[in-house]
Each structure stands twice: as structure tokens, then as C-alpha cells.
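Everything numeric in this text was worked out from a predicted model, so none of it was measured. Positions are given from 1 along the sequence.
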Amino acid sequence: MTTTSPSQAAATPTGSITHLRPALHFTARDTWLNDPNGLLHHDGVYHLFFQSNPHGNTWGNMSWGHATSTDLVTWDERPVALPHTDEELVFSGSAVADVRNTAGFAGSGQTALVAIYTSAYTAASDRPGIQAQSLAYSLDGGDTWTRYAGNPVLDIGSREFRDPKVFWHGGVDGRWVMVAVEAVDRRVVIYSSPNLLDWTLESRFGPAHAVGGVWECPDLFPLDVRDTGESKWVLVVSLNPGGIAGGSGAQYFVGDFDGHTFTPDRLSTSTDPTDFDWLDYGRDYYAAVSFNDAPQGRRLMVGWASNWDYANAVPTHPWRSAMSLVRELELVRCADGRLRVVQAPVLPAGDPDVEVFDLTVPTGPGTRAELVLSPAEGTGTSRVILTLDGDARTVTCDRTESGAVDFHPTFSSVDTAPLLGGDVTELQIIVDATIIEIYVDGGLVTLTQQVYPDAALTELRATYAG
Ligand code: FRU
């Protein structure tokens, strides 16, 4: 038996949940948020738009909120970018810098930033209940936005057609590619366009692998395979419910994309969700999408750190919900021959205002390790228990005693992820007030979990058996 102490000094304990605002995970000042939208790097600035209710802290009045950052860890909340109207809710989507002025929105010397979003038309509109894709553009670097007069630009008459992710494909002779979902059909649809205005259907993908809920918020991007010079395409799609840990979750497929069709390397015939590839094994990682135009070809992703099962009920005030940390993605070839995504959190260079525990744990046959996260002695009784089982080759995260759990019947949970590495498991555990992100074996497996402890979780005690 060994006991380790935390790698960092204890932060000031907090006794009241209203003080537990995460430091590094983006939260809106005093409103609700859900999916990250329009992730774009342009002119040295990272733009994070997000599903926002500008008038409250539960879902509704969907609009695009806006925040900017130059370092991916400190965010400035800006005025609402795309407000809802009586006729249109502004659902999820993406943003691009139209550097070739393909849409013709920019005057000379200007670059238009273009948001491609889902118009969810209200009963007051002339398309009640329809979801279609629309554009808005900014000629001042993202501060102010104008809706395109010819909206929507892509309407197939569907009530379940949403979440367009658009990117430039194919270099100087390229064109725009959009992935979106036909949500209830569990299909990702791929469209192309020379100008963001006129769209042609190229192909469809799905249903495939996890289909226990509607498909939402797809993304498609090339990703380097570590140490090979090779690159593959990754298709990410969230689903709700039917995620690996229950409720909302995000799966991915590795394969090829020729500008028209996505072809996965591997399609499992199993219906066992543990045979599929998941971006995260916790309860709280959804709607994850990546930045367009990140410098140095980096693939940087952000997810919504919540779950539709209980998102509207979590005990925070006046804000509700947070984004995940920004994660940098790469592919690695695993011992079983499969290419898997690995994720590394972007952390501040200096001493972060969060707890970061780095440790290695023996996980060979016959071993069992228990790691308990708790508040500083005498400040609270909440705890989160991680168990690494060397025989079952699993890591479980138990948040049943993590503090406030009874605000919703589905919140209290014990969640399990596979150990995919060797006899020694590397763990990085980041505790940021109410969000725990666990990176296992260099991010080969991640678990993201909300917790509402009675005091800040600053201590980690490890017990090893076997
Ligand atoms: C995913 C989602 C999207 C939709 C948005 C609405 O969480 O349901 O499909 O665009 O949220 O807020």
C-alpha cells in the first residue's frame, strides 16, 4: 500500500456551490450555454461562439454567444453575435474565414468571416418547424454580424437537419465542404459548394455504430498519425441519448475522405458500444467540434461539458454549463492495429488555477488501485473515487458521493472506461471546481465528469493493492 499526496498546493476551499465557478473551463457570465459553435482562428484570435440563452440560465431563446481568446485558456465574453428572432432560433453551426471572397460578402481589402448555422424556424415564421442552413457574415473580425438576405441557403424541408460544420477542402482549386446531420435518421450528410451559397449533396454516412439516439454536431477533419508522416480523416458525431456512459456522448470513425465520400477503415458489426470508438467515456463531453484554421495545422477541439440528461438542472448560479478544456488531437496506431484518437488538454504555461495530478499507476494482472479525490481535511466530505482494475482492464469513476447529486435522478453515476495501455497506466487528472477531466495513457482514453462537491476537491490519495 502506498499513499501519495497531491502534486499541488491546496486551493482555497469553497463551501458554497455558487462559488464553484471553473477557472479554465469557459462559462458564460450569467446565462445558459450549450454546444460550442463557429470555432475559428483568425488574425491571431480564437473565436468561440456557443449556443446561448441570452435571457436565462436554462435552454431556450437559442442564439450564438461569443467569446475570444489568444491563448485558449482565458476567454473574454463578448456581446451576443447572432440573436434569435421571433421567427428563427439560431442553432449550432460553424464559421469560416472566406479569404477568397467566394461568397462575395467582402469589399476590397476586407475578409468576411462567415457563420453557417441552422435556422430552427418558429411557429411565427413562414417555415414553421423546419430546420435549414443559413449564413451570417462579419466584416469587422467577428464583432458584428449581418444575416445574409438570401437565407436559408440549404433547405430540404426537414425538421431534423442541422449542425453544419463547413471547412475548405482541396487547396487553391478547392471548394467548401459541409457535414451536417439528418438527426433522427442517424446520418451525416456531406455537401459541397464553390461559394457557401449553392450546395450540392455529395454523399451520406450512417447509420453506423452507436445509434441509440439522434445524431448531432458532426465534424470531419484530417489528422496526423503520430510518428508516421501519414494522415487520415476522422468523422466525429455526437449522439443523444445512447452515449457510452448514458445520455449524451460523442463517437468517432477513422477513415478516408476523397472530397465526396467518407469511407471508414473499420465498421463493426457488433452492437456492443465498447467495440466503438468514443471521444470520451465520462458523462459530460458532448457536441465536440474542432477549430477551423488553427495555426501550425493543430487540430483543437472543444466539447460541451454537460449531458442533456440533467444539463438544465445542475446547481450553479447565475450561469449554467461550461465548455471542456481545449484539447489537441492526434492519431496513434495501437497494439491491436487500430488507429485511435489521443487528446491532450491545453493548459496555461504558468501555475494553473486548478488542481493537476500527474501520476503513474501499476495496472498489471492482479493489481487494483483506488484513487480518492477529496477536499482538504476538515473542509468537506465529498469524494470522487477512481478505481483501476488490472484484471478487468478498466478504470471507473464513482461520483455517487461527490456532493450534490440529487438535483436530478440521472446524475449520480459510476462510469467505466477501458484501459488500453500497458501494465503501467499514466493518469492526468485535472480538477477545475466542478469539472474533472481525466486523461488516461496520454489521452488515449478520457473521462469528463461534472461534480458539485461541498468544498473544493484539492487532495488525491492513492491506495494500491496487488
Ligand atoms: C446539440 C443540439 C444541436 C442543436 C442545438 C440546439 O446539443 O441539440 O443539435 O443545434 O443543440 O441548442
Side-chain angles (χ1 to χ4, degrees), residues 35-40 49 51 62-64 81-85 87-98 100-106 112-122 125-138 145-170 174-206 214-221 235-238 257 259-262 287 289-290 292:
D35 317 350
N37 295 154
L39 301 180
L40 176 68
F49 300 89
Q51 286 289 278
M62 295 327 291
S63 304
W64 276 27
L82 292 173
H84 70 101
T85 67
E87 296 179 4
E88 180 196 64
L89 299 178
V90 186
F91 273 17
S92 286
S94 51
V96 298
D98 187 9
R100 295 171 187 82
N101 200 21
T102 62
F105 294 146
L113 304 187
V114 183
I116 308 95
Y117 65 92
T118 298
S119 300
Y121 290 104
T122 67
S125 76
D126 58 2
R127 289 179 169 82
I130 295 297
Q131 297 185 347
Q133 315 322 323
S134 291
L135 306 180
Y137 57 91
S138 171
W145 292 81
T146 306
R147 280 164 158 94
Y148 171 53
N151 281 342
V153 293
L154 180 54
D155 180 4
I156 59 169
S158 169
R159 308 172 84 83
E160 295 282 351
F161 175 40
R162 58 183 178 270
D163 307 342
K165 172 65 190 269
V166 173
F167 60 95
W168 182 258
H169 181 258
R175 60 210 177 124
W176 300 104
V177 169
M178 174 197 295
V179 286
V181 289
E182 293 175 357
V184 291
D185 297 320
R186 283 81 164 151
R187 283 201 295 232
V188 172
V189 284
I190 300 178
Y191 286 82
S192 68
S193 172
N195 57 10
L196 298 167
L197 307 172
D198 306 300
W199 293 94
T200 305
L201 178 66
E202 296 284 346
S203 61
R204 292 190 169 91
F205 175 80
V214 294
W215 281 17
E216 298 186 316
C217 300
D219 197 358
L220 176 65
F221 48 82
L235 177 68
V236 171
V237 65
S238 288
F257 177 61
H260 308 280
T261 305
F262 174 77
V289 286
S290 66
N292 276 327

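- A ring pair (Phe, Tyr, Trp, His ring centres under 6.0 Å) with Trp176 is found for exactly one of Trp168, Tyr191, Trp199, namely Trp168.
- Looking at Ile190 and Thr261, their side chains never come closer than 4.5 Å, going by heavy atoms from C-beta outward.
- Here the CG-OG distance, from Asp198 to Ser193, works out to 6.0 Å after rounding to the nearest 0.5 Å.
- Distance alone, capped at 3.5 Å, places no donor-acceptor pair between the Ser92 side chain and the Asn37 backbone.
- In this structure, Tyr121 and Pro152 have side chains that are in contact, with non-hydrogen atoms separated by less than 4.5 Å.
- Within the 4.5 Å cutoff, the side chain of Glu88 has heavy atoms near those of the Tyr117 side chain.
- Residue Arg187 holds its CZ atom at 12.5 Å from CZ of Phe205, rounded to the nearest 0.5 Å.
- Side-chain N or O atoms of Gln133 include one that pairs as donor or acceptor with a backbone N or O of Phe161 at under 3.5 Å.
- Using a 4.5 Å heavy-atom cutoff, the side chains of Phe105 and Leu135 are in contact.
- The shortest heavy-atom contact between Ala95 and Leu40 is O-CD1, 3.9 Å.
- Looking only at side-chain heavy atoms (C-beta outward), Asp35 and Glu216 stay at 4.5 Å or farther from each other.
- Phe257 and Phe167 have perpendicular rings, their planes meeting at more than 60° on a 0 to 90° scale where under 30° would count as parallel.
- Arg147 places a side-chain heavy atom less than 4.5 Å from the side chain of Val90.
- Cation-pi check for Arg162 over Phe91 is not met; the charged atom does not lie both under 6.0 angstrom from the ring centroid and within 45 degrees of its normal.
- Between the side chains of Ser119 and Gln131, no donor-acceptor pair of N or O atoms lies under 3.5 Å.
- Closest non-hydrogen pair, Val184 versus Arg186, comes out as O-NH1, 2.8 Å.
- Nearest approach of Pro218 to Val289, heavy atoms of both residues: O-CG1, 4.0 Å.
- Side chain of Thr118 to backbone of Asp163: a donor-acceptor contact under 3.5 angstrom is found.
- Looking at heavy atoms from C-beta onward, Leu196 lies in side-chain contact with Val96 at the 4.5 angstrom threshold.
- Annotation: the span from Leu154 atom CG to Leu197 atom CG amounts to 11.5 Å, rounded to 0.5 Å.
- Contact record, Ser94 with Trp64: O-CH2, 3.4 Å, taken as the closest heavy-atom pair.
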Evaluation steps, side-chain contact (heavy atoms from CB on, under 4.5 Å), between His260 and Ser203: CA-CA 6 Å; His260 308 280; Ser203 61; 5.5 Å; no
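- In this structure the side chain of Thr122 reaches within 4.5 angstrom of the side chain of Leu89, judged on heavy atoms.
- Judged purely by atom type and a 3.5 angstrom limit, Asn292 uses its side chain to pair as donor or acceptor with the backbone of Val166.
- Qualifying side-chain hydrogen bond (donor to acceptor under 3.5 Å, both in side chains) partners for Ser192, counting only residues two or more places apart in sequence or in other chains: Arg175, Glu202.
- Among all heavy-atom pairs drawn from Val189 and Val181, the shortest one is CG2-N, 4.3 Å.
- Annotation: Phe49 is in aromatic contact with Trp145 [ring centroid separation under 6.0 Å].
- Taking CE of Met178 as the reference point, atom CG of Leu220 lies at 13.0 Å (rounded to 0.5 Å).
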